[in-house]
Protein chains: 2
Amino acid sequence: MVDNTKAKIIAAAAKVAVKRGVQNLTMDAVAAEAGVSKGGVFYHFGSKHDLLLGMVQALVDVTDREIAAAQEQDQSAGSWLRGFIEACLTNSTQELGSVGRLSVAFLTAAANDTSLLAPMNRRQEAWREAINTSGIDPALAHIIRLAADGLWINDVMGVPVLDPTERTAVIARLVAMTHKNTEPGEKGIEA
Amino acid sequence: MVDNTKAKIIAAAAKVAVKRGVQNLTMDAVAAEAGVSKGGVFYHFGSKHDLLLGMVQALVDVTDREIAAAQEQDQSAGSWLRGFIEACLTNSTQELGSVGRLSVAFLTAAANDTSLLAPMNRRQEAWREAINTSGIDPALAHIIRLAADGLWINDVMGVPVLDPTERTAVIARLVAMTHKNTEPGEKGIEA
DNA sequence: TTGACTATACTGACCGGTCAGTATAGTCAT
DNA sequence: ATGACTATACTGACCGGTCAGTATAGTCAA
């Protein structure tokens with residue numbers, strides 16, 4: 001199967017980035033990790049840029065899929081946000097979870113060339129829409145999303161922003177916040 | 001003056017990272033931007049690693065300084081958080097502001113080698129302490145900080161998480177949130 | 001007050017390794 | 001007989017790091 005190998009290569013790249021560090025994410029290393037020849041990697045991805053792009057796209061896809069899955073058994077107000085929180089924060093970076101692994105690729109991409117974030121940027125409009133219509137006050141909804149995002153990225157980078165106790169408390173509070181404030185625009189300092 | 005040149009090099013490095021992208025942050029480019037020879041750069045920073053470390057340290061220092069300055073004319077509850085919000089979100093990335101410029105260096109550092117974040121990680125404990133004793137409920141305080149952080153980093157990476165209107169609304173709401181909820185631990189779903 | 005010497009702050013040509021990408025010839029299942 | 005590769009060898013640019021040497025200012029003994 002064609003896409004099987006492509007997916008295998010992307011997974012291998014994510015694995016290399018996590019295990020050996022981003023500066024060692026070479027095409028040779030990816031090929032070795034994937035059990036494929038270097039030529040094989042270039043057969044599927046015309047350039048390293050393409051591979052990175054594929055990794056970011058995979059992260060976006062997987063995140064969307066996790067949110068959708070979470071929403072399937074929870075359609076009440078704020079469900080999109082709860083799905084987002086779960087997708088970002090549930091699996092730690094070290095674990096083989098889809099999001100965790102690929103997150104590192106995201107960082108790599110951003111650092112090396114912000115144009116690599118195109119697949120993610122394309123998705124932002126849809127996510128903004130989902131947040132604005134999530135069923136809770138938009139400004140608060142964005143704040144919840146941004147906080148989850150902030151914690152996620154600090155996790156990925158290994159910055160100890162929170163200790164374990166604080167972390168669980170914060171996540172619980174974030175989830176709690178998705179349950180109240182159902183009426184938009186009635187309490188904010190402005191729109 | 002000795003440190004003048006070091007500071008000049010750090011500023012030049014930040015400028016290069018912003019203008020030409022992180023992948024072009026070479027020692028040659030830094031030297032050229034600083035109006036110094038490559039050897040001169042290596043005279044002050046033993047390695048590129050050292051330079052990056054210096055940049056992260058500069059970011060931390062400048063952030064701390066901005067928070068302290070903001071707190072000078074505002075000692076009421078939540079002032080640390082308001083200072084943090086201002087430091088992170090007030091000056092946009094493109095502007096020559098201290099934080100904005102150096103932020104990119106932070107990303108670079110994180111992506112290339114998380115050990116480069118040591119100066120920032122060292123500061124986290126103090127910041128956590130400041131947040132926990134900020135005068136507002138800790139869980140909420142952390143969420144405010146994380147949201148500011150999340151918005152900041154998305155700014156730096158150029159991810160369009162919010163449109164301009166949403167952005168100002170979110171920042172206003174964030175600031176508003178630092179003013180209420182003065183009693184810790186009375187409304188959370190848990191500690 | 002001059003000549004020998006020292007410290008500091010550089011300069012800029014150069015070297016060597018790394019790595020994306022190419023080339024080419026061949027394998028093998030369908 | 002085509003599509004999906006493997007295997008190996010190679011190119012060439014780029015970049016971190018080195019190093020011998022230069023510039024300038026200052027110290028100090030005779």
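Chain A is the first sequence line, chain B the second, and so forth, proteins listed ahead of strands; every chain is numbered from 1. The shown structure was predicted, so the numbers you read here are calculated from the model rather than taken from an experiment.
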Integer-rounded Å distance: [N] [atom2] and [X] [atom1]:
X: Lys6(A); N: dA4(D); atom1: NZ; atom2: P; result: 11 Å
X: Phe45(A); N: dA20(C); atom1: CZ; atom2: P; result: 15 Å
X: Leu52(A); N: dA20(C); atom1: CG; atom2: C1'; result: 12 Å

Quiz item: Ion pair present between Arg123(A) and Asp61(A), side-chain N to carboxylate O less than 4.0 angstrom?
Solution: no
Tell me, do [X] and [Y] make a side-chain contact under 4.5 Å, heavy atoms counted?
X: Met55(A); Y: Leu51(A); value: yes
X: Met177(A); Y: Arg173(A); value: yes
X: Leu146(B); Y: Asn154(A); value: yes

Practice problem: Return yes if some donor-acceptor pair links the side-chain N/O of Asp155(A) with the main-chain N/O of Met157(A) below 3.5 Å, else return no. | Solution: no
Self-check item: Residues Arg145(B), Ile85(B); criterion side chain to side chain contact (heavy atoms under 4.5 Å, CB included); working and verdict
Solution: CA-CA 7 Å; Arg145(B) 177 259 160 99; Ile85(B) 292 169; over 6 Å; no
Check: protein-nucleotides 25-30 of chain C nitrogen or oxygen pairs below 3.5 Å:
none

Exercise. Name all residues meeting the side-chain hydrogen bond (donor to acceptor under 3.5 Å, both in side chains) criterion together with Thr178(A); count only those two or more places apart in sequence or in a different chain, and write none if there are none.
Key: Arg82(A)
Self-check item: Set of residues satisfying side-chain hydrogen bond (donor to acceptor under 3.5 Å, both in side chains) with respect to Glu166(A), sequence neighbours excluded
Solution: Arg128(B), Asn132(B)
Quiz item: Can His49(A) and Leu116(A) be said to form a side chain to side chain contact (heavy atoms under 4.5 Å, CB included), step by step?
Solution: CA-CA 7 Å; His49(A) 190 271; Leu116(A) 251 4; 3.2 Å; yes
Exercise. Assign a letter to each nucleotide of nucleotides 9-17 of chain D from its 5' end: B, base within under 4.0 Å of a protein heavy atom; S, sugar-phosphate only; -, no contact.
Key: ------SBB
Self-check item: Pair pattern of DNA chain D in dot-bracket, where unpaired bases get dots and | marks partners in another strand, Watson-Crick or G-U under 3.5 angstrom
Solution: ||||||||||||||||||||||||||||||
Side-chain donor-acceptor pairs under 3.5 Å in residues 29-38 of chain A, sequence neighbours left out?
{"residue": "Glu33(A)", "atom": "OE1", "partner": "Lys19(A)", "partner atom": "NZ", "Å": "3.4"}
{"residue": "Ser37(A)", "atom": "OG", "partner": "Gly40(A)", "partner atom": "N", "Å": "3.1"}
{"residue": "Lys38(A)", "atom": "NZ", "partner": "Asp28(A)", "partner atom": "OD2", "Å": "3.4"}

